[in-house]
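Here is how names work: the chains are called A, B, and so on, in the same order as the sequence lines, proteins then strands, and each is numbered from 1.
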Number of protein chains: 2
Amino acid sequence: MAEKKTEEFQGFELDQHLCFAIYKANHAFNRFYKPVMKKLGITYPQYITLLALFEKDDQRVSELGERLFLESNTLTPLLKRLEEMGFISRTRSKEDERQVIVSLTDEGRGLSDGVIDVQHCAFTSLDASLETVTELVDQLNDIQRKLTAAKAKVPA
Amino acid sequence: MAEKKTEEFQGFELDQHLCFAIYKANHAFNRFYKPVMKKLGITYPQYITLLALFEKDDQRVSELGERLFLESNTLTPLLKRLEEMGFISRTRSKEDERQVIVSLTDEGRGLSDGVIDVQHCAFTSLDASLETVTELVDQLNDIQRKLTAAKAKVPA
DNA sequence: AGTGATTTAATCGTGTTCGATTTAATTTGA
DNA sequence: TCAAATTAAATCGAACACGATTAAATCACT
């Protein structure tokens, strides 16, 4: 059982697995942001969604989904909650009734100030230079791109 | 609205946010592993859990939880599913009846071969040297450690 | 114009995550 | 010894993630 497959993977321990390291870092960000988001009355996925809207307002659900790698089955209920809380509005497009346009309300836009504070707090907690972080972001985006492209070839 | 807060954060776009880059990379790993895990009949979180057991068998639920940053509320149902599928056993400790010891079954141990194949596939898809990946893992673990230590200081 | 294919969002069921609480076993201290 | 505190896992409810399906609108093509 558990014969050696390649030299490089022998003895790889959990902590050294890239996927686990990413899992943990994601987890840590989640935990870090959660209490602050709670103060704002939103969850971390809702925060990520709002980030996408701060960057570009009035997006279609599917447009947001491409950006966030989520689909309507996840986004629809999440967006309905943000709408209920008054941070966004959801309106059917006049040109194409199939499309739902998601827009920030004034109250939603108002969250961005608090959000920028937290980002700054996270950044300073990391105690890293902007260059280091930028390089890391590039590497992670590269990994994401390559894994997405590889698309997990399931042979059999 | 959205006044500048610090020089460094001005104009930070979604793609450049570290938390979003990590979110996406985690997502990509999830998607990458999912179809293969499906073939093995397990989910990605179940896979991560089994990794921890491959590394150290016969762990208590809380011990596993420390390793995976999960608690019994998440682990208990997940472990029950793994038990139902016959990959692990859950037995109350004789010394302390409060503790539940999680152990791999032969069938569970048998998954490790398939798992190592997938890891290798992911590694080659990344097209990166072992050194690069190792360094990245170290950086991510560092981020995780610092964020966890910072513990999100909510002032008000 | 009208039928079939496509697109868009919504819905449904299962599994994961987590805060909060509960239950049972063990430990502590009077 | 025995009641209070602590610990370990389980339970509960809400939110998220996703595969699969559905409903409605639009498009394409004859």
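Taking atom CD of residue A:Glu97 and atom C1' of nucleotide C:dA9, one finds them 13 Å apart after rounding to whole Å. Counting to the nearest Å, the C1' atom of C:dT8 and the CD atom of A:Glu66 are 12 Å from each other. When rounded to the nearest whole Å, the span between CD1 of B:Ile42 and C1' of C:dG15 equals 13 Å. Regarding B:Glu84, its CD atom lies at a distance of 13 Å from the C1' atom of C:dT14, rounded to whole Å. Rounded to an integer number of Å, the gap from CD of A:Gln46 to P of C:dT17 is 18 Å. The interatomic distance linking B:Glu71 (CD) with C:dA20 (P) rounds to 11 Å, in whole Å. Atom CG in B:Leu70 sits about 10 Å away from atom C1' in C:dC18, given to the nearest Å.
Qualifying ring-ring contact (aromatic ring centres under 6.0 Å, His included) partners for B:Phe87, counting only residues two or more places apart in sequence or in other chains: none. Residues that satisfy the side-chain hydrogen bond (donor to acceptor under 3.5 Å, both in side chains) test with B:Ser62, not counting sequence neighbours, are B:Arg60. Contacts of A:Arg98 classified as salt bridge (charged side-chain N to carboxylate O under 4.0 Å, His left out), with partners at least two apart in sequence or in another chain: A:Asp96. In this view, A:Phe54 satisfies the ring-ring contact (aromatic ring centres under 6.0 Å, His included) rule with no residue, not counting sequence neighbours. Scanning for salt bridge (charged side-chain N to carboxylate O under 4.0 Å, His left out) contacts around A:Asp142 gives A:Arg145, A:Lys146, with sequence neighbours left out.
Each salt bridge (charged side-chain N to carboxylate O under 4.0 Å, His left out) pair with one or both residues in residues 127-136 of chain B, not counting sequence neighbours, would appear here, but there are none. Applying the side-chain hydrogen bond (donor to acceptor under 3.5 Å, both in side chains) test to every pair with at least one member in residues 78-91 of chain B, sequence neighbours left out, gives these pairs: B:Glu83-B:Arg90.
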Could you go over nucleotides 1-7 of chain C and give all protein N or O partners under 3.5 Å, atom names and distances?
unit_1 : atom_1 : unit_2  : atom_2 : d
C:dT7  : O2     : A:Arg98 : NH1    : 2.9

Do any N or O atoms of the protein come closer than 3.5 Å to N or O atoms of nucleotides 10-13 of chain C, and which pairs are they?
unit_1 : atom_1 : unit_2  : atom_2 : d
C:dA10 : OP1    : A:Arg90 : NH2    : 2.6
C:dA10 : OP2    : A:Thr76 : OG1    : 2.5
C:dA10 : N7     : A:Ser72 : OG     : 2.6
C:dT11 : OP2    : A:Lys80 : NZ     : 2.8

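At a cut-off of 3.5 Å, with distance as the only test, a side-chain donor of A:Thr148 or A:Gln144 sits close to an acceptor on the other residue. A donor-acceptor contact under 3.5 angstrom links the side chains of B:Ser103 and B:Asp58, judged on distance only.
Mapping heavy-atom proximity under 4.0 Å, the span of DNA chain D touched by chain A runs 5' to 3' from D:dA15 to D:dT26.
Both A:Phe69 and A:Glu95 lie near DNA chain D, and the one whose nearest nucleotide falls closer to the 5' end is A:Phe69. Heavy-atom distances to DNA chain D give each of A:Lys94 and A:Tyr44 a nearest nucleotide, and the one nearer the 5′ end belongs to A:Tyr44. Residue order along DNA chain C, read from the 5' end via each residue's closest nucleotide, puts A:Arg60 first among A:Arg60 and A:Tyr23.
Residue-level contact check: B:Arg81 touches the bases, meaning some heavy atom is under 4.0 Å from a base atom.
The two residues A:Ala128 and A:Phe123 have their closest heavy-atom pair at O-CZ, 3.7 Å.
Side-chain N/O atoms of A:His27 include none lying less than 4.0 angstrom from OP1 or OP2 on C:dT17.
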Identify every side-chain donor-acceptor pair in residues 18-30 of chain A under 3.5 Å, counting partners at least two apart or on other chains, and give the distances.
unit_1  : atom_1 : unit_2   : atom_2 : d
A:Tyr23 : OH     : B:Leu68  : O      : 2.8
A:Lys24 : NZ     : A:Asp15  : OD1    : 2.8
A:Lys24 : NZ     : B:Asn141 : OD1    : 3.2
A:His27 : NE2    : B:Phe69  : O      : 3.2

Side-chain polar contacts of residues 41-52 of chain B - donor-acceptor pairs under 3.5 angstrom, sequence neighbours left out - could you list them?
unit_1  : atom_1 : unit_2   : atom_2 : d
B:Thr43 : OG1    : B:Gln46  : N      : 3.3
B:Gln46 : OE1    : B:Thr43  : N      : 2.9
B:Tyr47 : OH     : B:Gln119 : NE2    : 3.1
B:Thr49 : OG1    : B:Pro45  : O      : 2.8

